Amino acid sequence: MNLIYANDKRGEYPESWYAATATPLDPLPELKGEVAADVCVVGGGYTGLSTALHLAEKGYSVALLEAQRVGFGASGRNGGQVGHGHNMSQPSLEKKLGKPDAKMLWDIAEESITLTRDLAAKHAPDAGFKPGHASAYFSQKEADAGRRDCEYLAENYGFGGQFLDKSATEEIVGTDQYYGMVLDSHGGYLHPLNLALGLARGAVAAGAKIFEQSYVHNIKPGSTASDKTVVQTDRGRVVADHVVLACNGYSSNLNRKTASRVMPINNFMVATEPLGARATEVLAREICIYDSYFVLNYYRMSDDGRLIFGGGESYGVKFPADIAAKVRKPLEKLFPQLKGVKIDYAWGGTLGITTSRMPYFARVAPNVLTAAGYSGHGVALATLAGQIIAEAIAGQSERFDVLSRVPVMPFPGGRMFSTPILTLAMTWFSLRDRLGI
């Protein structure tokens, strides 16, 4: 289920470079009448599509309900980056959960990269996965910490990333503002909307039923695990043994536990005109990068030589009137040589974040599971989440259980009162970025 945001037109993919270059998928039917299924999946992004695919491959009957089009939300609008680890460092996870669980979480993150790459190769070759994922640092202090973290991960977790100093970084990235970066060849990047559409095709081919334009407004769980759960849309309903809530940043109040822990924020992206010979002056290698600002910049080059650049956030249901102008500021600050560059596409998307920036996995009612709040790590983790949820429904819940043990506290004041608090906090951290604090 998705909230309908003010800038989103029902039934249409928002204009973006991704939508303009995607391999189209014919519209899928709306749910009408009653359907019985082993599992009802609510949400047609990476989590929901991967869940449907993996369950259908296991022989389960699956009905997936999407309020708009599959891949309509953040799954079709993000930076396409597939990176290692979590938003919480491994030493912090070791302290909170113990080394065994921390090790399992590291393995989950690494497996999420491999699975995403493999699923893209099988179901979405047009997503064009390319290796090379880097985190860059705006201060020497941050770069030194990144180097130490890289060494710790190599020694304790077998991480194969490489730390590059300021000079080596400048040979790759056309800016003098970074003091170093960590480059990981296991991670990489892809076309996110084509990945979502490919997963949808794969799920349908495996036997899952996907219904678009099917807005879920009520879920009535059973009182015990043996009871059926009813999922209601405007024109139909699904009666299922299990329900999976896979809505992430577009969640509504279908479940209070999820709504209080996963908050929507909006992030914005642009695609420049093709840069021609200037492309290698911005990025000398085919890699993607995100940096150390709290409101981070993230970018890579497209196959047709455009800079695909993300930066800037907002909160609530409205996007800024001029997205291109909002993103142009951090783009030109980082790459002054591109001042005045023509922007051909500008778009926004809504993702889900949590207080800890770790994903929220939970059993929120009898036979109702949820996974959301990937906080910027959703391409890989959300894709793997579908496989993990499918395992849990099939009775193999070890990986789901370790993720559910990660503490994710509710936002102060719940969904209704958290937006102004969140806005104030994010504004403060954004100000710190600008002041270099």
Side-chain angles (χ1 to χ4, degrees), residues 1-2 28 31 35 37-67 69-76 108 111-112 115-116 118-120 122-124 192 195-212 214 216 219 221 229 231 238 240-251 254-255 258 262 352 359-365 367-374 377-401 403-404:
M1 173 176 174
N2 293 342
L28 295 164
L31 177 67
V35 171
D38 296 328
V39 183
C40 179
V41 178
V42 184
Y46 297 138
T47 303
L49 293 169
S50 178
T51 300
L53 170 64
H54 286 97
L55 283 170
E57 289 179 338
K58 291 177 180 291
Y60 287 81
S61 61
V62 182
L64 184 150
L65 305 177
E66 165 56 44
R69 301 292 311 278
V70 293
F72 174 89
S75 295
I108 283 171
E111 289 166 17
S112 74
L115 178 69
T116 303
D118 292 349
L119 288 177
K122 181 177 182 180
H123 298 291
L195 174 62
L197 298 178
L199 292 175
R201 293 186 184 95
V204 171
K209 296 179 179 179
I210 297 179
F211 300 94
E212 296 182 322
S214 300
V216 173
I219 296 176
T229 296
V231 181
V238 178
D241 296 317
H242 303 270
V243 172
V244 176
L245 297 178
C247 308
N248 201 28
Y250 287 78
S251 298
L254 283 176
N255 180 265
T258 303
V262 180
Y360 177 60
F361 282 65
R363 301 175 187 272
V364 294
N367 289 342
V368 179
L369 285 72
T370 190
Y374 304 104
H377 279 240
V379 178
L381 282 177
T383 302
L384 181 64
Q387 185 184 69
I388 291 173
I389 291 168
E391 291 172 354
I393 289 174
Q396 299 170 320
S397 63
E398 183 181 17
R399 294 200 293 178
F400 187 92
D401 291 342
L403 283 159
S404 69

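These numbers were taken from a predicted model, which means no experiment stands behind them.
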**OP:** Return the minimal non-hydrogen interatomic distance between Cys40 and Ala240, and the atom names on each side.
**Re:** N-CB, 3.7 Å

Subject >> side chain to side chain contact (heavy atoms under 4.5 Å, CB included) partner of Leu245, the single match among Val216, Asn255, Val41 >> reply: Asn255

Original post:
Within a strict 4.5 Å, meaning less than it, do heavy atoms of the Leu197 and Arg69 side chains meet?
Top reply: no

Original post:
Say you draw a straight line from CG of Asp401 to CZ of Phe361; how long is it, rounded to the nearest 0.5 Å?
Top reply: 11.5 Å

**OP:** Keeping the roles fixed (side chain from Ser397, backbone from Gly395), state whether a donor-acceptor pair exists under 3.5 Å.
**Re:** no

**OP:** May I have the step-by-step check of side chain to side chain donor-acceptor pair (under 3.5 Å) for Thr47 and Tyr374, ending in yes or no?
**Re:** CA-CA 10 Å; Thr47 303; Tyr374 304 104; 2.7 Å; yes

Original post:
Can you tell me how far OH of Tyr46 sits from CG of Leu195, rounded to the nearest 0.5 angstrom?
Top reply: 5.0 Å

Original post:
Going from CD1 on Ile108 to CG on Leu403, what distance comes out if it is rounded to the nearest 0.5 angstrom?
Top reply: 4.0 Å

Subject >> Leu64 CG to Glu212 CD distance, which is reported to the nearest 0.5 Å >> reply: 9.0 Å

Subject >> Tyr60: which of Asp241, Thr51, Ile393 passes side chain to side chain contact (heavy atoms under 4.5 Å, CB included) >> reply: Ile393

**OP:** Of all the heavy-atom pairs spanning Ile389 and Ala371, show the shortest one and how long it is.
**Re:** CD1-CB, 3.9 Å

**OP:** Drop me the distance from Leu384's CG to Glu391's CD, to the nearest 0.5 angstrom.
**Re:** 7.5 Å

Subject >> Under 3.5 Å: donor-acceptor pair, side chain of Thr370, backbone of Ala362 >> reply: no

**OP:** Decide yes or no on side chain to side chain contact (heavy atoms under 4.5 Å, CB included) for Phe211 and Val238, but give the supporting numbers first.
**Re:** CA-CA 11 Å; Phe211 300 94; Val238 178; 5.6 Å; no

Original post:
Listed by chain and number, what are the salt bridge (Lys or Arg N to Asp or Glu O under 4.0 Å) partners of Arg201, not counting sequence neighbours?
Top reply: none

Subject >> Closest non-hydrogen atom pair between Ala200 and Ile210, with its separation >> reply: O-CD1, 3.9 Å

**OP:** Drop me the distance from His242's NE2 to Asp38's CG, to the nearest 0.5 angstrom.
**Re:** 7.5 Å

Original post:
Would you say Gln387 and Glu111 make side-chain contact, with heavy atoms under 4.5 Å?
Top reply: no

Original post:
Given the rule in the side chain to side chain contact (heavy atoms under 4.5 Å, CB included) test, do His123 and Leu53 qualify, once you have shown the distances and angles that lead to the verdict?
Top reply: CA-CA 11 Å; His123 298 291; Leu53 170 64; 3.9 Å; yes

Subject >> Gly386 versus His54, closest heavy-atom pair with distance >> reply: C-ND1, 4.2 Å

Original post:
What's the shortest heavy-atom distance between Gly73 and Tyr250, and which atoms?
Top reply: CA-CE1, 3.7 Å

Original post:
Is a side-chain N or O of Asn248 found less than 3.5 angstrom from the main chain of Ala372, in a donor-acceptor match?
Top reply: no

Original post:
Which atom names give the shortest non-hydrogen contact between Gly48 and Ala246, and what distance separates them?
Top reply: N-CB, 3.6 Å

Original post:
Can you check whether Cys247 reaches Val42 side chain to side chain, under 4.5 Å on heavy atoms?
Top reply: yes

